[in-house]
Amino acid sequence: MSITEKLLRTVESTEEHYNTGDYIFRENTMPQFYYQIVTGEVKLNSYSEDGREFIQNILSDGACMGESMLILSKPYPVNAIALTSCVIVKVGRDHFFQLLQLHPHLFNDIYTALADNTFEKLSLMRTITANNAEERLIEIMDLMKEFHDDKQKFSFEIPHTRQQLASLTGLSVETAIRAIKRLEKNNIVMIKDRKIYY
DNA sequence: TCATTAAAGTTAT
DNA sequence: ATAACTTTAATGA
């Protein structure tokens with residue numbers, strides 16, 4: 001999934017602190033660092049012409065971000081913005097590759113992270129092109145539940161706001177809210193204190 | 001079916 | 001207090 005902190009510290013690295021709303025990196029800039037979240041949540045997003053936000057992904061503890069662009073030396077296609085205050089370990093590009101050479105087993109971890117990303121991306125694609133709102137929401141909830149793997153009917157508390165769910169699925173908030181209510185009526189989701197359980 | 005607009009209530013900072 | 005989020009309703013593509 002990601003590189004153990006211990007190993008990250010063996011190479012020149014810095015621990016950065018970000019506040020809610022801070023940019024970790026911006027769209028169209030060149031990657032310079034490998035970033036890994038120690039604690040906190042980060043969203044990867046972009047905005048359409050009319051200013052509508054689309055969230056590509058929401059990442060939390062232990063996740064790394066932007067690896068593929070770092071490896072490819074291509075500008076970021078998304079922004080990375082802190083959703084909470086975050087502690088993030090930063091490793092310079094050269095040191096990152098040194099670390100990989102030094103510990104070849106890390107290729108496995110990166111490889112897995114990339115594969116995971118691809119899977120999420122493809123699933124997200126399917127989600128977004130799925131016709132109706134309810135299917136899109138079920139799809140994204142399935143993905144999230146898979147990551148935080150605790151199986152059981154209503155055992156998983158969706159860790160995002162309705163607004164975020166809407167931005168993740170390309171729906172308007174209002175549509176997302178109505179669809180969620182329909183899901184509740186159909187016993188697919190349970191709502192308690194405005195929290196969504198799936 | 002879904003987006004948009006508007007308006008009002010609720011929660012978080 | 002102020003901003004961010006949630007909800008409902010009317011209207012229109």
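What you see is a predicted model, and the numbers here were worked out from it, not measured in a lab. Side chains included, hydrogens not; waters and symmetry mates left out as well; all remaining heavy atoms used.
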Heavy-atom count around A/Tyr23 OH within 6.0 Å, excluding the residue itself: above 12? yes
d(A/Leu106 CG, A/Leu99 CG) to nearest 0.5 Å is 5.5 Å
Quick tally for nucleotides 3-13 of chain C: nucleotides whose base has a protein heavy atom under 4.0 Å get B, sugar-phosphate-only ones S, the rest -, giving --SBBBBB---
Would you mind reading off the bend of the helix from B/dT1-C/dA13 to B/dT13-C/dA1 from its two end axes, five pairs each, to 10 degrees? 20°
Do you see a donor-acceptor pair shorter than 3.5 Å between the side chains of A/Ser123 and A/Glu139? no
Taking atom CD of A/Glu12 as the centre, report whether more than 12 heavy atoms of other residues, nucleotides or ligands fall under 6.0 Å from it. no
Sidechain-backbone polar pair: A/Asp61 side chain, A/Gly40 backbone, donor-acceptor under 3.5 Å: yes
Can you pull the contact range of chain A along DNA chain B, 5' to 3', using atoms under 4.0 angstrom from its heavy atoms? B/dC2 to B/dT11
Residues, nucleotides or ligands: over 12 heavy atoms within 6.0 Å of A/Asp50 CG: yes
By the 4.0 Å heavy-atom rule, please label A/Gly170 as base, sugar-phosphate, or nothing. sugar-phosphate
Which of these passes side-chain contact (heavy atoms from CB on, under 4.5 Å) with A/Tyr35: A/Met65, A/Glu67, A/Glu16? A/Met65
Any base atoms under 4.0 Å from A/Arg136, or only sugar-phosphate, or nothing? Heavy atoms, all strands. nothing
Any idea which heavy atoms bring A/Tyr198 and A/Val189 closest together, and the distance? CD1-CG2, 3.9 Å
